[in-house]
Amino acid sequence: MSDLRISEAFLYMDYLCFRALCCKGPPPARPEYDLVCIGLTGSGKTSLLSKLCSESPDSVVSTTGFSIKAVPFQNAILNVKELGGADNIRKYWSRYYQGSQGVIFVLDSASSEDDLETARNELHSALQHPQLCTLPFLILANHQDKPAARSVQEVKKYFELEPLARGKRWILQPCSLDDMEALKDSFSQLINLLEEKDHEAVRM
């Protein structure tokens, strides 16, 4: 092979390398979804969201009104509006539902019978609310690391999810701060439901 051809070959390889490194363009933007996160005070909403955002647990303060966090995942960004769960705040939850594309409901699986009954009533109300009833739900049975924690099957039966949520998109998952992989997997399943709903809307 002549020196000229060798030089041309090297120039072409340099060109290909340049294109590979410099001409790929920015990666496609991750879709963003607006979610509302509800649950009683003490259910662990703030701690779970803070851990997903890699925030220090020492800085966690229970939400008294509402707060917004952008929770990043590899394939999506979830803009989560967390609502405080105190008695005097829950009656205003519905004012913040507008614009939501999905719902995260956190319950304390180790709570007292009275609190569990209250959580059940609030979840039933959310599942039937006109602004939420067609949205995907992620229901997290938190505090699974506590001795008194109910299993997912016990929660499903007590909350009567099978008959109440039939025909709706919902996921019930156990979680705790000690198992972040399981928590991230739960959110990945929710993102899948959000993407499916997006695709259905495009087809329509």
Side-chain angles (χ1 to χ4, degrees), residues 21 24-86 89-90 92-93 96-111 115 119 122-123 126 132 135-152 155 169-199:
L21 291 173
K24 290 171 64 177
R30 286 176 288 179
E32 296 191 24
Y33 298 101
D34 295 328
L35 308 180
V36 63
C37 179
I38 53 180
L40 305 190
T41 296
S43 60
K45 304 184 300 296
T46 307
S47 297
L48 291 176
L49 293 174
S50 296
K51 192 75 178 286
L52 286 169
C53 292
S54 301
E55 297 176 1
S56 170
D58 298 331
S59 63
V60 173
V61 178
S62 183
T63 302
T64 54
F66 77 92
S67 68
I68 300 176
K69 289 185 184 294
V71 186
F73 290 89
Q74 187 173 2
N75 57 339
I77 296 173
L78 304 182
N79 298 312
V80 182
K81 180 166 39 181
E82 180 200 345
L83 308 183
I89 295 176
R90 293 199 301 272
Y92 300 113
W93 277 358
Y96 298 90
Y97 289 166
Q98 187 172 1
S100 298
Q101 295 169 279
V103 183
I104 304 162
F105 189 94
V106 184
L107 63 97
D108 178 3
S109 60
S111 67
D115 282 347
E122 294 293 354
L123 178 57
L132 304 182
L135 304 181
F137 271 71
L138 172 60
I139 305 163
L140 295 172
N142 195 18
H143 298 151
Q144 287 291 310
D145 52 327
K146 294 184 177 181
R150 284 98 169 163
S151 69
V152 166
V155 170
R169 296 178 175 87
W170 59 277
I171 305 162
L172 171 63
Q173 291 285 93
C175 74
S176 72
L177 288 176
D178 295 337
D179 192 350
M180 288 308 296
E181 287 305 312
L183 182 63
K184 290 178 180 178
D185 180 66
S186 299
F187 274 82
S188 294
Q189 293 182 52
L190 175 61
I191 290 170
N192 289 339
L193 291 182
L194 292 166
E195 290 174 343
E196 287 175 9
K197 191 168 177 60
D198 262 0
H199 293 154

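Along the sequence shown, the residues carry numbers beginning at 1.
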For the atom pair [atom1] ([X]) and [atom2] ([Y]), what is the distance rounded to the nearest 0.5 Å?
X	Y	atom1	atom2	value
W170	L123	CH2	CG	9.5 Å
S100	L135	OG	CG	7.0 Å
W93	L132	CH2	CG	10.5 Å
D115	S43	CG	OG	10.0 Å
H143	L177	NE2	CG	6.5 Å
S67	E82	OG	CD	4.5 Å

For residues [X] and [Y], determine if any side-chain heavy atom of one lies less than 4.5 Å from a side-chain heavy atom of the other.
X	Y	value
K184	L52	yes
L138	F105	no
I171	I139	no
I191	N75	yes
D108	L40	no
V103	P136	no
L140	S186	yes
Q173	D185	yes

Problem - Residues which pass side-chain contact (heavy atoms from CB on, under 4.5 Å) with S50, listed by chain and number, not counting sequence neighbours - result: T46, E55, V60, K69
Least distance between heavy atoms, [X] atom then [Y] atom:
X	Y	value
C175	L48	SG-CD1, 3.9 Å
C53	V71	SG-CG2, 3.9 Å
C37	V106	SG-CG2, 4.1 Å

Problem - Y97 atom OH, over 12 foreign heavy atoms within 6.0 Å - result: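 Yes.
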Handout entry: Neighbour count above 12 (heavy atom, 6.0 Å) for Y92 OH
Key =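 No, OH of Y92 has 12 or fewer neighbouring heavy atoms, counting only those of other groups under 6.0 Å.
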Exercise for the section: Please list, chain by chain and in numerical order, all residues satisfying salt bridge (charged side-chain N to carboxylate O under 4.0 Å, His left out) with R150, sequence neighbours excluded. Expected result: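 Per chain and number, R150 pairs via salt bridge (charged side-chain N to carboxylate O under 4.0 Å, His left out) with E113.
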Problem - Set of residues satisfying salt bridge (charged side-chain N to carboxylate O under 4.0 Å, His left out) with respect to K81, sequence neighbours excluded - result: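 Once residues adjacent in sequence are excluded, K81 has no partner under the salt bridge (charged side-chain N to carboxylate O under 4.0 Å, His left out) criterion.
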